[in-house]
J.: 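Starting off with a structure, shown below.
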Amino acid sequence: MSSSPSSGHRVLGNYIGVGADGTTDLGNGEHGVWLLGGTQDSTVGGGGASTSNIIAYNGDAASEYGVFVDDGTTDRNRVLRNSIRSNQD
C-alpha cells in the first residue's frame, strides 16, 4: 500500500501468494504485503477467521518478506491474526 496520504486501508480475508485452496504456491517475486510511503492507520488481517489473510510463498530472494513495513513515515499500522509462512526471509 502506498499513496500520499495513505490511511485507513484494510486487507481482510485474502489469499496472498496461494491459490483458492489456501495451499497451492502462487507466490510472487516481491513482498506479500508491502506498507510504505507514509501508509498510516491501516490493517492487515483481523479478529476472526473471515478477516485473517493467508500470506505465503512470496519473494524470490533473502530480502523479501510476507509483510514488510518500509520507511520512517509508515506508522500506526496493525497486522492481526494472519497465517504468514513459507515466504523468503
Side-chain angles (χ1 to χ4, degrees):
M1 288 177 239
S2 175
S3 63
S4 182
S6 180
S7 179
H9 297 287
R10 299 181 336 160
V11 179
L12 306 172
N14 294 283
Y15 297 104
I16 301 169
V18 297
D21 62 1
T23 60
T24 302
D25 181 349
L26 299 177
N28 62 58
E30 295 289 334
H31 307 295
V33 176
W34 193 353
L35 305 170
L36 72 155
T39 300
Q40 296 181 350
D41 300 310
S42 295
T43 303
V44 179
S50 66
T51 57
S52 297
N53 301 291
I54 297 174
I55 304 168
Y57 305 115
N58 297 291
D60 61 5
S63 61
E64 281 120 13
Y65 304 93
V67 176
F68 187 66
V69 180
D70 194 7
D71 81 49
T73 61
T74 300
D75 195 20
R76 299 185 315 268
N77 298 290
R78 292 161 299 285
V79 179
L80 307 168
R81 295 194 62 177
N82 299 285
S83 173
I84 303 172
R85 59 181 166 76
S86 303
N87 297 283
Q88 292 291 330
D89 54 4

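Please read these numbers as outputs of a predicted model, since none were measured by experiment. Only heavy atoms go into these numbers, but all of them, side chains included; no hydrogens, no water, no symmetry mates.
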J.: Rounded at 0.5 Å granularity, tell me how far CG in Asp75 sits from OG in Ser42.
T.: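 OG of Ser42 is found 11.0 Å from CG of Asp75.
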
J.: Give me the ring orientation class for His31 and Trp34: parallel if the planes are under 30° apart, tilted from 30 to 60°, perpendicular past 60°.
T.: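 Geometry flag for Trp34 against His31: perpendicular rings.
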
J.: Linking Ile, Leu, Val, Met, Phe, Trp and Tyr by side-chain heavy atoms under 4.5 Å, what else ends up with Leu26?
T.: none

J.: To check you understand the geometry: which heavy-atom pair defines the closest contact between Asp71 and Thr73, and what is its length?
T.: OD1-OG1, 2.7 Å

J.: If we ignore angles and hydrogens, is there a donor and acceptor under 3.5 Å between the side chains of Arg78 and Thr43?
T.: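 Yes, because at least one side-chain N or O of Arg78 sits under 3.5 Å from a partner of the opposite role on Thr43.
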
J.: At what distance, to the nearest 0.5 angstrom, does CG of Asp41 lie from NE2 of His9?
T.: 10.5 Å

J.: Please report the interatomic distance CG(Asn53) to CG(Leu80), rounded to the nearest 0.5 Å.
T.: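 Answer for the CG-CG pair, Asn53 versus Leu80, is 10.0 Å.
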
J.: Shortest non-hydrogen contact from Val33 to Val44?
T.: CG1-CG2, 3.9 Å

J.: Could you pull out the closest heavy-atom pair between Ser52 and Gly46, with the gap in Å?
T.: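 In terms of heavy atoms, the two residues are closest at OG-O, 4.1 Å.
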
J.: Which residues pass the side-chain contact (heavy atoms from CB on, under 4.5 Å) test with Thr51, not counting sequence neighbours?
T.: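 In terms of side-chain contact (heavy atoms from CB on, under 4.5 Å), with neighbours along the sequence ignored, Thr51 is linked to Leu12.
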
J.: Hey, which of Ile84, Val79, Val11, Asn14 is the one that makes side chain to side chain contact (heavy atoms under 4.5 Å, CB included) with Ile55?
T.: Ile84

J.: Would a distance-only check, ignoring hydrogens and angles, find a side-chain to backbone donor-acceptor pair under 3.5 Å from Asn87 to Tyr65?
T.: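 Side chain of Asn87 to backbone of Tyr65, a donor-acceptor pair under 3.5 Å: no, none is there.
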
J.: Hey, what else clusters with Tyr57 if you join Ile, Leu, Val, Met, Phe, Trp, Tyr whenever side-chain heavy atoms sit under 4.5 Å?
T.: Tyr15, Val18, Ile54

